[in-house]
Amino acid sequence: MRSLVWFRRDLRIADNTALFEAARHADDGVVGVFLITPEQWQKHDDASCKVKFLIENVRTLSDRLAELNIPLLIRTCHDFQEAPACISKLASETGCDTVYINREYEVNESKRDDNVSLACEQAGVAMRRFHDRTIVPPKAISTKEGRFYSVFTPYRKVWDLTARETVETTPDPEQQPVIAIGRDPVPESITGFDFSNARSDLWPPGEDEAQRRLDRFSESISAYNVERDIPSVRGTSLLSPYLNVGVISARQCFFRADQILESSAGENEGAKTWISELTWRDFYNHVMVACPRVSMHHPFKPKTNQIPWRTDQSDFEAWKTGTTGYPIVDAGMRQLNQTGWMHNRLRMVTAMFLTKNLLVDWRWGEKYFMSRLIDGDLSANNGGWQWSASTGTDSVPYFRIFNPFSQSKRFDPDGLFIRKMCPELKRVPAKALHDPAKLSDAIASLGIDYPNFVVDYKAGRERALSAFKSLK
DNA sequence: TAAAGATTGGA
DNA sequence: CCAATCTTT
């Protein structure tokens, strides 16, 4: 019995359900495979920095698998259509009787896996799929009426019980016997993606690095509920890119935080808040599985399609490039453009500015984020955008529109973050960064080259309010 | 995971 | 006159 493990977004050894099961059932070795599908990644708007990070992690995974005598093979297909033939053929060639995978829940991905399963069956190869991506699997919990939870708070209550009672981590796989199959080199570049501008120094690859980050974050987790909102402070875990490619599992994160919570007799607000954020990740995945159309350019609330979403190229361009004239919005967008990552508070601020103050179609923003983020995840990104645009499940009420100046006053009071990302505002006093009139005065009197407001604040806000009010 | 406008209560 | 509080969106 020999097992083939097809790695996708689960690039780790520890707490990997499919890998553990594959190793447990094999007595003649385990083979790993990773499929490179550049055209599919382009269709999905994957960011270059994300693909680079993915490939770097495939490389470190290959090294660690080699220590377990598991050779990692690399195959390249154009897109998912070629996956069934590729995987079934590879299983046969390497003498594997079963393919092990951890499920991916997106529409294209699960359809691909169904097709791979069929192709394997025809080749006399079995396929076993496991739930591993989230803490509580999608569809595992539902309301008393048997429907899916579309509101977060009741979902979280059931999620909490389920996670604590039924979820456990997976043991490490054992070392395998040596087999006569050598591993493949991992390519240095991928056609269609430019690796030269990615800030790899900010995100070293590997399972060890992810664990170090979790360790470091654990030490200050009690401050998370306060500091997570302050972009100039390292108050968040900085684990999202690692979670996204599965270099660390959400379960590992959950158990660490839960341990800390228990050791403080439930008195750690930071740990509680972080677990809640992990729950949001599960929630949006669960929404996507229950209602796949949300991830296919449809709002969860159909009537919001009546909103005359604007398609103004020049407003959109100002937003993308961080030249809206609103300091906190520009700072956030420049952080995204320069580093491939944006602080979560700013993701909300910038998303709300685009969808409400500019009333630009939320799908434009969703796509742009995806094309830039190192941690871009379909369900979380979509959930976040539909939350901000008030089109989604349990999204923000349409009349709760962030005021960019109030937001920066609260979360960047000294303007530290704004001045870091927008150096031209270095000489503008903090008070003026949080006040439109004072900002205009300061820019004029100091002779600073900073754009005028792309939209009048009050006019933009009223335009969004009346668009939502007139929905039937 | 809000902000704006109105109202109140104290200087 | 200002800040705290309530109400509305």
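Values in this document were obtained by computation on a predicted structure and should not be read as measured data. Numbered from 1 within each chain, the chains take letters A, B, ... in sequence-line order.
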*Asks:* How close or far is atom P of B/dA3 from atom CE of A/Met348, stated in whole angstroms?
*Replies:* 11 Å

*Asks:* So what does A/Phe405 hit on the nucleic acid, given a heavy-atom distance under 4.0 Å: a base, only sugar-phosphate, or nothing?
*Replies:* nothing

*Asks:* Would you call the rings of A/Tyr284 and A/Trp280 parallel, tilted or perpendicular if under 30° counts as parallel and over 60° as perpendicular?
*Replies:* tilted

*Asks:* Atom CZ of A/Arg410 to atom P of B/dA2: distance rounded to whole Å?
*Replies:* 7 Å

*Asks:* Starting at atom NZ of A/Lys458, determine the distance to atom C1' of B/dA2, rounded to an integer number of angstrom.
*Replies:* 17 Å

*Asks:* From CG of A/Leu471 over to C1' of C/dT9, roughly how many Å is that when rounded to an integer?
*Replies:* 14 Å

*Asks:* From C-beta outward on A/Arg345, which listed nucleotide comes closest to its side chain: B/dT1, B/dA3, B/dA2?
*Replies:* B/dT1

*Asks:* Can you check whether A/Gln407 has a side-chain N or O nearer than 4.0 Å to OP1 or OP2 of B/dT1?
*Replies:* no

*Asks:* Whole angstroms only, please: what is the NZ-P distance between A/Lys356 and B/dT1?
*Replies:* 17 Å

*Asks:* When we call it a touch if two heavy atoms are under 4.0 Å apart, what does A/Leu465 touch: a base, just sugar-phosphate, or nothing?
*Replies:* nothing

*Asks:* Taking atom P of B/dA3 as reference, at what distance in whole Å does atom CZ of A/Phe402 sit?
*Replies:* 7 Å

*Asks:* How many whole angstroms separate atom CG of A/Leu346 from atom P of B/dT1?
*Replies:* 18 Å

*Asks:* Going from CZ on A/Arg8 to CG on A/Asp10, what distance comes out if it is rounded to the nearest 0.5 angstrom?
*Replies:* 7.0 Å

*Asks:* One thing to verify: whether A/Lys43 and A/Asp79 come together as a salt bridge, which I'm taking to mean a side-chain N less than 4.0 angstrom from a carboxylate O.
*Replies:* yes

*Asks:* Whole angstroms only, please: what is the CZ-P distance between A/Phe399 and B/dG5?
*Replies:* 16 Å

*Asks:* Mind checking whether A/Phe34 and A/Trp6 have ring centres under 6.0 Å apart?
*Replies:* no

